[in-house]
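Here's the structure we're looking at; comments come further down.
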Amino acid sequence: MRVVFLGAPGAGKGTQARRIAERASIPQISTGDILRLAVREGTSLGLEAKAFMDRGELVPDSLMVGLIRDRIQQSDCVTGYLLDGFPRTLAQAEALDRMLEELDQPLQLAIELSVPDAELVRRLTGRRVCRSCGASFHVVSAPSRVHNVCDHCGGELYQRDDDAASTVERRLAVYHEQTAPISERYREVGILRELDGAQSIEALEVALERLLAPSEAR
Ligand code: AMP
């Protein structure tokens, strides 16, 4: 199973990709998570990426394409992977196509989660993320049982710097300008599936299971 998740920041890509990846025993490759780890560890990638991330801008394609090329050739990717947060530009989508053609590993699906902007702003500005396992909560609609403690692993919850209201606005603008046009490319080759990302996490999970059942069996 080789699947790309598309959708704006806050559409639920990470939450859903994590669940599916666990069930299917394949990696969820989140470029945002990889970059945040690189920033925390102070690697050269992290140092280059940080300023872009802080502004809510995209990290240059050249860095991202190299990163994904290395990642999808690692041994845990042989039975498939879920890409969460890549591609984010047309240039990245084209590079990914070329890469997968060379590797003879076509994508099976591009799943787009659509959510109105007002709901994305609500979700992102209220989001809290576990420092240890990456699980997401929402201060109003999905609070943790204990304040700022992860229900799953007991880790500390924090607010991402780029979930501040001013940066969220920029991230959504960048999404509409640079990322949303990618869907058309996947629609043309017949692998785009669009789902309502505004429904509940559980309802979306059921819809995704239905969608993925045939491709899992392939
Ligand atoms: P995310 O966690 O997916 O919302 O990503 C957080 C930030 O990481 C984004 O706002 C970008 O600055 C950067 N980022 C993540 N994935 C990509 C990508 N594929 N291309 C460029 N920048 C990215």
Side-chain angles (χ1 to χ4, degrees), residues 2-18 21 27-72 81-100 107 110-113 115 117 119-131 133-138 157-183 185-186 197:
R2 284 177 299 275
V3 175
V4 162
F5 269 85
L6 302 171
K13 302 185 298 294
T15 301
Q16 296 296 341
R18 184 171 299 113
Q28 169 212 8
I29 302 178
S30 157
T31 43
D33 285 350
I34 294 172
L35 292 172
R36 277 184 290 279
L37 181 66
V39 169
R40 271 205 306 280
E41 292 182 339
T43 64
S44 58
L45 171 68
L47 292 176
E48 279 195 74
K50 187 175 185 316
F52 296 99
M53 297 171 78
D54 286 348
R55 290 198 301 270
E57 306 280 345
L58 296 180
V59 174
D61 290 334
S62 53
L63 284 178
M64 300 311 301
V65 168
L67 185 156
I68 283 292
R69 177 175 287 119
D70 292 345
R71 183 65 189 88
I72 63 172
Y81 44 81
L82 300 179
L83 292 183
D84 158 15
F86 186 97
R88 269 299 227 275
T89 62
L90 275 175
Q92 291 180 15
E94 285 162 11
L96 180 66
D97 280 355
R98 280 197 300 275
M99 228 183 279
L100 295 182
L107 281 179
I111 301 174
E112 177 165 37
L113 305 180
V115 178
D117 275 11
E119 171 64 5
L120 293 169
V121 170
R122 188 195 72 80
R123 287 183 183 183
L124 290 168
T125 53
R127 176 159 72 176
R128 296 293 180 274
V129 183
C130 175
R131 276 194 203 283
C133 74
S136 278
F137 297 84
H138 189 277
L157 303 186
Y158 78 109
Q159 180 175 35
R160 279 171 44 176
D161 290 345
D162 60 353
D163 281 345
S166 51
T167 316
V168 161
E169 204 175 300
R170 181 67 196 133
R171 287 164 69 204
L172 292 182
V174 166
Y175 167 76
H176 288 296
E177 279 162 28
Q178 301 190 51
T179 308
I182 295 178
S183 308
R185 185 179 178 87
Y186 294 117

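When a ligand or atom number is given, it counts from 1 through the structure's own listing order. Counting begins at 1 with the first residue of the sequence. These numbers come from a predicted model, not from an experiment.
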Q. Does some side-chain heavy atom of Arg123 sit less than 4.5 Å from a side-chain heavy atom of Val115?
A.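 Val115 reaches Arg123 side chain to side chain.
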For [X], counting its heavy atoms only, list the atoms of ligand 1 lying under 4.0 Å from any of them.
X: Leu35; answer: 8 (O), 13 (C), 14 (N), 15 (C), 23 (C)
X: Arg160; answer: 1 (P), 2 (O), 4 (O), 6 (C)
X: Gly85; answer: 16 (N), 17 (C), 18 (C), 19 (N)
X: Thr31; answer: 15 (C), 16 (N), 17 (C), 19 (N)
X: Gln92; answer: 18 (C), 19 (N), 20 (N), 21 (C)

Q. Is it true that Arg36 lies under 4.0 Å from ligand 1, counting heavy atoms only?
A.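 Flag set, Arg36 near ligand 1.
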(Q) Any atom of ligand 1 sitting under 4.0 Å from a heavy atom of Lys13? (A)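 It does not; every heavy atom stays at 4.0 Å or beyond.
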Q.
Going by salt bridge (Lys or Arg N to Asp or Glu O under 4.0 Å), Asp163 matches just one of Arg128, Arg171, Arg36, Arg122. Which one?
A.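 With Asp163 as partner, Arg128, Arg171, Arg36, Arg122 yield a single salt bridge (Lys or Arg N to Asp or Glu O under 4.0 Å), made by Arg171.
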(Q) Below a 4.0 angstrom heavy-atom separation, can you tell me which part of Met64, side chain or backbone, both or neither, approaches ligand 1? (A)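 Under 4.0 Å from ligand 1, Met64 contributes side-chain atoms alone.
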**Q.** Which segment of Gln178 sits under 4.0 Å of ligand 1 when only heavy atoms are counted
**A.** neither
Q) Distance under 6.0 Å and angle within 45° of the ring axis: does Arg55 meet both against Phe52? A)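 Ring-cation test returns yes.
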Q.
Take a 6.0 Å sphere around CG of Asp161 and say whether it holds more than 12 heavy atoms from other residues, nucleotides or ligands.
A. no
Q: Give the residue, atom name and distance (to 0.1 Å) of the protein heavy atom nearest atom 12 (O) of ligand 1.
A: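 So the nearest neighbour among protein heavy atoms is Glu57 O, 2.6 Å.
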Q: May I ask you to identify the nearest protein heavy atom to atom 22 (N) of ligand 1, giving residue, atom name and distance to one decimal place in Å?
A: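 Answer, as residue, atom name and distance: Val59 N, 3.0 Å.
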**Q.** Leu83: which of Val3, Leu96, Thr31 passes side chain to side chain contact (heavy atoms under 4.5 Å, CB included)
**A.** Leu96
Q. Between Arg170 and Asp162, is there a salt bridge with N-O shorter than 4.0 Å?
A. no
Q) Hey, looking at atom 1 (P) of ligand 1, which of Arg88, Arg170, Arg171 has the closest heavy atom? A) Arg88
